[in-house]
Participant: 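Submitted below is the structure of interest, expressed as structure tokens.
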Amino acid sequence: MLTFEQKQAIIESFPGLKKKEISLKRVNYHFENSLYEKTIVVEKLHPNGNGFVFVGDLLRYEKEANDKGLVNIHDYDETQLREIVEDAITYLSEEIEDEEPTVEIWRNREGEKLDLVCEQRSWNVYHGENLEEAFGTYDAAKSYLLEEGFRKKN
């Protein structure tokens with residue numbers, strides 16, 4: 001487990017994050033170039049190693065994030081911490097465009113059809129109009145479809 005000082009050094013290596021001390025020796029790190037009202041990337045980092053990173057509704061972290069979109073980084077190693085902070089900064093600095101979604105058609109041997117649709121930061125698998133599954137990355141969605149016996153149709 002990384003120490004408080006090690007976590008601070010890693011977080012402070014990201015340009016654009018500003019440290020703000022709060023109560024009980026804890027610190028927050030704000031991303032002042034956020035395109036959204038939310039600016040705190042790292043919240044309540046404590047000398048005991050506890051702290052949270054804001055990931056919003058990124059599907060990649062859906063199992064770890066609480067209902068406020070925060071992930072506890074207490075046991076994160078350097079690689080994991082760098083990755084989640086980078087993801088949080090990207091999340092707060094990218095505009096969601098209302099463009100036409102990307103759609104792929106996948107079929108299995110029985111001829112059943114599923115649509116893989118990229119919509120606002122997630123890859124969704126639809127059976128007709130019903131959402132079957134949602135994934136944070138294309139690779140995760142593709143792996144799921146292949147495991148279920150579906151193949152992409154050109």
Participant: Using the rule that Ile, Leu, Val, Met, Phe, Trp and Tyr join whenever any side-chain heavy atoms are under 4.5 Å apart, tell me whether L92 and L35 fall into a single cluster.
Facilitator: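 L92 and L35: one cluster.
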Participant: Clusters formed by hydrophobic residues whose side-chain heavy atoms approach within less than 4.5 Å: which one holds L131, and what are its other members?
Facilitator: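 Members other than L131 - counting any ILVMFWY side chain reachable under 4.5 Å - are V103, V117, Y126.
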Participant: Under 4.5 Å between any side-chain heavy atoms of Y29 and V85, yes or no?
Facilitator: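 No - every pair of side-chain heavy atoms lies 4.5 Å or more apart.
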Participant: Quick one about S23 and R26 (side-chain donor to acceptor, distance below 3.5 Å, no hydrogens or angles considered), yes or no?
Facilitator: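 There is such a pair between these side chains.
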Participant: Quiz question: by atom type and distance under 3.5 Å, do the side chains of N48 and H46 form a donor-acceptor pair?
Facilitator: yes
Participant: Can you find a pair of side-chain heavy atoms, one from I89 and one from L17, that are under 4.5 Å apart?
Facilitator: yes
Participant: Decide yes or no for L116 and Y138: does some side-chain heavy atom of the first lie under 4.5 Å from some side-chain heavy atom of the second?
Facilitator: yes
Participant: Between K142 and E104, does any NZ, NE, NH1 or NH2 come within less than 4.0 Å of an OD or OE carboxylate oxygen?
Facilitator: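 Salt bridge flag = no for K142 with E104.
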Participant: Once side-chain contact (heavy atoms from CB on, under 4.5 Å) is applied, do any residues pair with N108, and if so which ones, sequence neighbours excluded?
Facilitator: E110, E112, F150
Participant: Would the number of heavy atoms belonging to other residues, nucleotides or ligands and lying under 6.0 Å from NZ of K44 be above 12?
Facilitator: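 It does not: K44 NZ has 12 such atoms or fewer within range.
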Participant: For K19, is the NZ atom crowded, meaning more than 12 foreign heavy atoms sit under 6.0 Å from it?
Facilitator: yes
Participant: For the atom pair CD1 (I10) and CD1 (I73), what is the distance rounded to the nearest 0.5 Å?
Facilitator: 9.0 Å
Participant: Ignoring hydrogens and angles, tell me if any N or O in the side chain of Y91 forms a donor-acceptor pair with the backbone of D57 under 3.5 Å.
Facilitator: yes
Participant: So, using side-chain hydrogen bond (donor to acceptor under 3.5 Å, both in side chains) as the criterion, who are the partners of Q80 when residues are at least two apart?
Facilitator: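 In terms of side-chain hydrogen bond (donor to acceptor under 3.5 Å, both in side chains), with neighbours along the sequence ignored, Q80 is linked to no residue.
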